[in-house]
Amino acid sequence: MLEELKKAVCEANMDLLRYGLVTFTWGNVSAIDRESGLFVIKPSGIAYDRLTPEDMVVVDLNGKKVEGNYNPSSDTATHVELYKAFPEIGGIVHTHSSYATSWAQAGRSIPCYGTTHADYIYGEVPCIRCLNAEEIADAYEENTGHLIVSEFLRMCKDPVSVPAVLCKNHGPFTWGKDAGEAVHNAVVLEEVAKMAYRTESINHHVQPAPQELMDKHYYRKHGANAYYGQDS
């Protein structure tokens, strides 16, 4: 079942290791087949150097395991809520990459200080509040997903133009049209988090990049009038 998607998800999980975004088993990637309403996700607690496509777990949008020899990631319920709320996304990544997680632990959104950030993420990367005691005690992972969704709706954030979020005291989630793009956005997030940290270390009074510069760089790569790269 979904054999090609299992291969893609396994490869995307291995990419987290290749790009230095995970330590031990601290992360997961999933991707959804919208036609069937099923998604494939990394098994919980299995070391990356042991992963094979056959180890991937197939789950439905109720969070129920449909196929697989292992339990799915402990973050599965968060993925479920994001897939249900954001039909535009086809892949999700969660890591504890050090720079992005440091911003999350500090409870700070990542401002857009330059064009590297603006090329991929429109505006700041939001850091949403920590779950309260009741939300943590009851359906923690599901409530993490609910909170991300509700905060994006409250802030009028478009999950396509802002494909990343920081969960306070926890870490980052990113997403994209498929697993590969979600990993790409996780790499970008970690780099802009690192750059923002260094920028503030050099200049404590730095201000975000001008809006017109952010607009120029984002929209030259995205949208109807994009002109970056080659014609397909």
So do the side chains of [X] and [Y] get within less than 4.5 Å of each other, counting heavy atoms only?
| X | Y | result |
| --- | --- | --- |
| Pro43 | Asn71 | no |
| Asn143 | Tyr140 | no |
| Pro53 | Glu3 | no |
| Glu141 | Thr76 | no |

Looking only at heavy atoms, which two atoms of [X] and [Y] are closest? And how far apart?
| X | Y | answer |
| --- | --- | --- |
| Leu166 | Arg108 | CD1-O, 3.5 Å |
| Thr101 | Gly171 | OG1-CA, 4.1 Å |
| Gly90 | Tyr83 | O-OH, 3.7 Å |
| Glu124 | Pro111 | CB-CA, 4.1 Å |
| Met56 | Lys6 | CG-O, 3.6 Å |
| Gly114 | Ala209 | N-CB, 4.1 Å |

Worksheet entry | His79: partners by ring pair (Phe, Tyr, Trp, His ring centres under 6.0 Å), with sequence neighbours left out | none

Practice prompt. Taking ring pair (Phe, Tyr, Trp, His ring centres under 6.0 Å) as the test, write out the residues that go with His96, two or more places apart.
Written response: His94, His170

Discussion item. Between Tyr19 and Ser97, is the side-chain hydrogen bond (donor to acceptor under 3.5 Å, both in side chains) condition met? List the steps.
Written reply: CA-CA 10 Å; Tyr19 287 115; Ser97 59; over 6 Å; no

Value rounded to 0.5 Å, distance of [atom1] in [X] from [atom2] in [Y]:
| X | Y | atom1 | atom2 | result |
| --- | --- | --- | --- | --- |
| Lys64 | Asp60 | NZ | CG | 7.0 Å |
| His146 | Leu82 | NE2 | CG | 10.5 Å |
| Ile92 | Asn28 | CD1 | CG | 9.5 Å |
| Cys112 | Ile121 | SG | CD1 | 8.5 Å |
| Lys216 | Asp119 | NZ | CG | 11.5 Å |
| Ile41 | Ser30 | CD1 | OG | 4.5 Å |

Is there a continuous path of hydrophobic side-chain contacts, each under 4.5 Å between heavy atoms, that joins [X] to [Y]?
| X | Y | value |
| --- | --- | --- |
| Tyr218 | Leu189 | no |
| Trp26 | Phe173 | no |
| Leu38 | Tyr70 | yes |
| Leu153 | Val162 | yes |
| Val149 | Val125 | yes |

Discussion item. Walk me through whether Lys168 and Arg129 qualify under side-chain contact (heavy atoms from CB on, under 4.5 Å).
Written reply: CA-CA 5 Å; Lys168 186 179 179 183; Arg129 68 170 174 84; 5.5 Å; no

Side chain to side chain contact (heavy atoms under 4.5 Å, CB included) involving [X] - partner list, sequence neighbours excluded:
| X | answer |
| --- | --- |
| Tyr48 | Asn13, Met14, Leu16, Leu17, Val22, Lys42, Leu51 |
| Asp158 | Val160, Ser161 |
| Pro87 | none |

Discussion item. Let's go through Thr115 and Leu213 carefully: what are the C-alpha distance in whole Å and the side-chain angles of both, what is the deciding distance for side-chain contact (heavy atoms from CB on, under 4.5 Å) to 0.1 Å, and is it a yes or a no?
Written reply: CA-CA 7 Å; Thr115 61; Leu213 184 63; 3.9 Å; yes

Counting only heavy atoms not in [X], do more than 12 fall under 6.0 Å of its [atom1]?
| X | atom1 | value |
| --- | --- | --- |
| Asn225 | CG | no |
| Asp138 | CG | no |
| Lys177 | NZ | no |
| Tyr197 | OH | no |

Discussion item. Checking Leu147 against Leu131 for the side-chain contact (heavy atoms from CB on, under 4.5 Å) test, could you report, in this order, the C-alpha distance in whole Å, the side-chain angles of both residues, the deciding distance, and whether it holds?
Written reply: CA-CA 8 Å; Leu147 181 59; Leu131 296 176; 3.6 Å; yes

Practice prompt. Determine, for Phe152 and Lys157, whether the Lys NZ or Arg CZ falls below 6.0 Å from the six-membered ring centre while staying within 45 degrees of the axis.
Written response: no

Does any N or O in the side chain of [X] come within less than 3.5 Å of the main-chain N or O of [Y], such that one atom is a donor and the other an acceptor?
| X | Y | value |
| --- | --- | --- |
| Glu81 | Thr144 | no |
| Glu190 | Val187 | no |
| Asp178 | Glu181 | yes |

Fill in: Verdict with reasoning, Gln211 to Asp215, per side-chain hydrogen bond (donor to acceptor under 3.5 Å, both in side chains)
CA-CA 6 Å; Gln211 187 65 49; Asp215 287 348; 2.9 Å; yes

Worksheet item: Does the separation of the ring centres of His184 and Tyr120 fall below 6.0 angstrom?
Response: yes

Practice prompt. Test Tyr219 against Tyr122 for ring-ring contact (aromatic ring centres under 6.0 Å, His included), laying out the working first.
Written response: CA-CA 9 Å; Tyr219 288 112; Tyr122 190 65; 5.5 Å; yes

Practice prompt. Take Trp175 and Val165 through the side-chain contact (heavy atoms from CB on, under 4.5 Å) test and state the conclusion after the steps.
Written response: CA-CA 9 Å; Trp175 46 79; Val165 69; 3.9 Å; yes

Worksheet item: Do Tyr113 and Glu200 have side-chain N/O donor and acceptor atoms under 3.5 Å apart?
Response: yes

Item to complete: Dump the intermediate steps for side-chain hydrogen bond (donor to acceptor under 3.5 Å, both in side chains) on Asp33 and Ser36, then the final yes or no.
Response: CA-CA 6 Å; Asp33 175 62; Ser36 66; 2.6 Å; yes

Discussion item. Regarding Glu88 and Arg34, does a basic nitrogen lie under 4.0 Å from an acidic carboxylate oxygen?
Written reply: no

Worksheet, complete the sentence: The salt bridge (Lys or Arg N to Asp or Glu O under 4.0 Å) partners of Glu142 (sequence neighbours excluded) come to none

